[in-house]
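Below is one structure, written out as structure tokens, with a few remarks after it.
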There are 2 protein chains.
Amino acid sequence: MEKPVLSESQEDYLKEIFKLREMNVTVSMQDLAKKLDVRPPSVTGMIKKLCSMDLVEHEPYKGVQLTETGEKIAIEVLRHHRLLELYLAKHLNYSWDEIHDEAERLEHVISEKFEAAIAELMDHPTHDPHGDPIPSVELEFPDSPDLTPLTTCKTGRMMTIKRVMTQDKDILNLLTRLELTIGNIITIKGTESAGIRLKVSDNQYLIPHTIAKLIWCHEDN
Amino acid sequence: MEKPVLSESQEDYLKEIFKLREMNVTVSMQDLAKKLDVRPPSVTGMIKKLCSMDLVEHEPYKGVQLTETGEKIAIEVLRHHRLLELYLAKHLNYSWDEIHDEAERLEHVISEKFEAAIAELMDHPTHDPHGDPIPSVELEFPDSPDLTPLTTCKTGRMMTIKRVMTQDKDILNLLTRLELTIGNIITIKGTESAGIRLKVSDNQYLIPHTIAKLIWCHEDN
DNA sequence: ATTTTAAGTTAGGTATGGCTAAATTAATAC
DNA sequence: GTATTAATTTAGCCATACCTAACTTAAAAT
């Protein structure tokens, strides 16, 4: 099976389908339209094309799925994206709110050589600056321990922040100011109607649920 | 004057016009078509558009010229390209025959931030791995000493290779094998009908004129 | 000066990837 | 079960940036 040449748009569609699939069971045309910031008819059209290329399967009104080939391509794009994010952060001094947009543009144009070079340079990392897993060259995801969102953490526990499920600059900046960054250890003080109360370093904060649900943690031993 | 948003194609047109202008006095539609690997009618069409955007001036059948704005954009793209070439070579271990194609794709998508980051990291370099000058952030070219192509160097002189005027992989690889790389010192042994005879390290070579004219040197003191 | 050739332009067409407005299908509410 | 609402698709359009074929203009050759 030859690897088809795809446009940047097509790569974006596949990547978004993959990411949506990780959350929802089914991926609707609307979901895609929202994520890709295009109107539903454009999605219908593109999905039709990707179907004819055997990269996705589509049961009308039921949802979209990636084929094996489609998934491979999606994961490759994801690998590019996350390697780039980490590279920008580690080697070009980007902060974690700046890396997404740049990676979004670069991911489609870098060569295999470039990918290999930065992967090598960073010693084949498994997670990007947001804690998102980086698939290997063989397109396998690293196994990761069970993570729970901050919203369902039990009171009294100490947890390590392992992943932040947003690319929103304002939220990322807020988290930085609150020291809620990857690897930092927090103690859950309790759940209130307004949000989760927790301690980081010597500070206590009340984190609204909307933000707390973006922060995924692992319980410390 | 606002900076217009350009497509990658448009940036390429401006860049090529600039580069051709450095060699020829006038830039014909054909020259452009050849360099950009498109057919003449496409050039006519695009030049018409760039004219309407006040980025080029075009006297039909006489040639194309960049306006001030057009030239600024061209030089910015050139700066991106050459910074990227050097970056790939210095930080990602690319050899000089591999950098052009990658830079060609990256130059259109990197942000100002990326440009600034790699420029900083390399301490604001003035020349890329082929010896091509890198314009400054202010879009000024570094002043460079007078260079002469190998074809017109005088017998007996010792010269330093300062610039190689090709991106052709095969030629670049050949030059590497012959040690005809930037900074290396050569001695002109004489001109023969078949080419230029010269010495590098302890080896003597006869370089055909077609290749010799691509190699620009500076006379050593 | 006329012919030939080269360079450039015009006309009309293609593919990509968007869009809106209108129609259709499926799901939900009563 | 019919009516309403939400999701999706169809139809038809737009811009970009190419293309070929045919025509025009300018330059060169005799």
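Each chain gets a letter, A, B and so on, in the order the sequences are listed, and its residues count up from 1.
No donor-acceptor pair under 3.5 Å is formed between the side chain of B/Arg79 and the backbone N or O of B/Leu83.
Atoms CD (B/Glu59) and P (C/dT9) sit 12 Å apart, rounded to a whole Å. One atom, CZ of A/Arg39, and another, P of C/dC19, lie 5 Å apart when rounded to the nearest Å. Distance A/Glu8 CD to C/dA15 C1': 17 Å, rounded to the nearest Å. D/dA17 atom C1' lies 14 Å from atom NE2 of B/His108, rounded to whole Å. A straight line from CD1 of B/Ile47 to P of C/dT9 spans 9 Å, rounded to a whole angstrom. Remark: P of C/dG18 and CG of A/Asp37 are 10 Å apart, rounded to the nearest angstrom. Here the C1' atom of nucleotide C/dT16 and the CG atom of A/Asp12 are 15 Å apart, to the nearest Å. We find that CG of B/Leu6 is positioned 13 Å from C1' of D/dT16, with the value rounded to whole Å.
Distances were taken from every side-chain heavy atom of A/Met46 (C-beta onward) to each of D/dC19, C/dG18, D/dA7; the shortest belongs to C/dG18. Listed nucleotides: D/dT10, C/dT9, D/dC18. Nearest to the side chain of B/Met29: C/dT9. Comparing atom distances between the A/Thr44 side chain and each of D/dT9, C/dT16, C/dG8 picks out D/dT9 as nearest. Nearest nucleotide to the side chain of A/Lys48, out of C/dT9, D/dA17, D/dT10: D/dT10.
Comparing A/Tyr61 and A/Ser7 by the nucleotide of DNA chain C that holds the closest heavy atom to each, the one mapping nearer the 5' end is A/Ser7.
For the residue pair A/His108/A/Asp12, the side-chain donor-acceptor check at 3.5 Å is satisfied.
Tested against B/His100, the residues B/Glu104, B/Glu98, B/Glu102 include a single side chain to side chain donor-acceptor pair (under 3.5 Å) partner, B/Glu104. A/Thr126 pairs in a side chain to side chain contact (heavy atoms under 4.5 Å, CB included) with only one of the listed residues (A/Pro142, A/Ser144, A/Ser136), which is A/Pro142.
The residue B/Ser9 sits close only to the backbone: its heavy atoms come under 4.0 Å of sugar-phosphate atoms, none of a base. Among the heavy atoms of the strands, none lies under 4.0 Å from A/Lys62. A/Gln10 comes within 4.0 angstrom of sugar-phosphate atoms only, judged by non-hydrogen atoms across all strands, and of no base.
For the pair A/Tyr13 and C/dT16, the criterion of a side-chain N or O lying under 4.0 Å from OP1 or OP2 is not met.
Ring geometry, A/Tyr87 versus B/Tyr87: the interplanar angle exceeds 60°, so the pair is classed perpendicular (tilted spans 30 to 60°).
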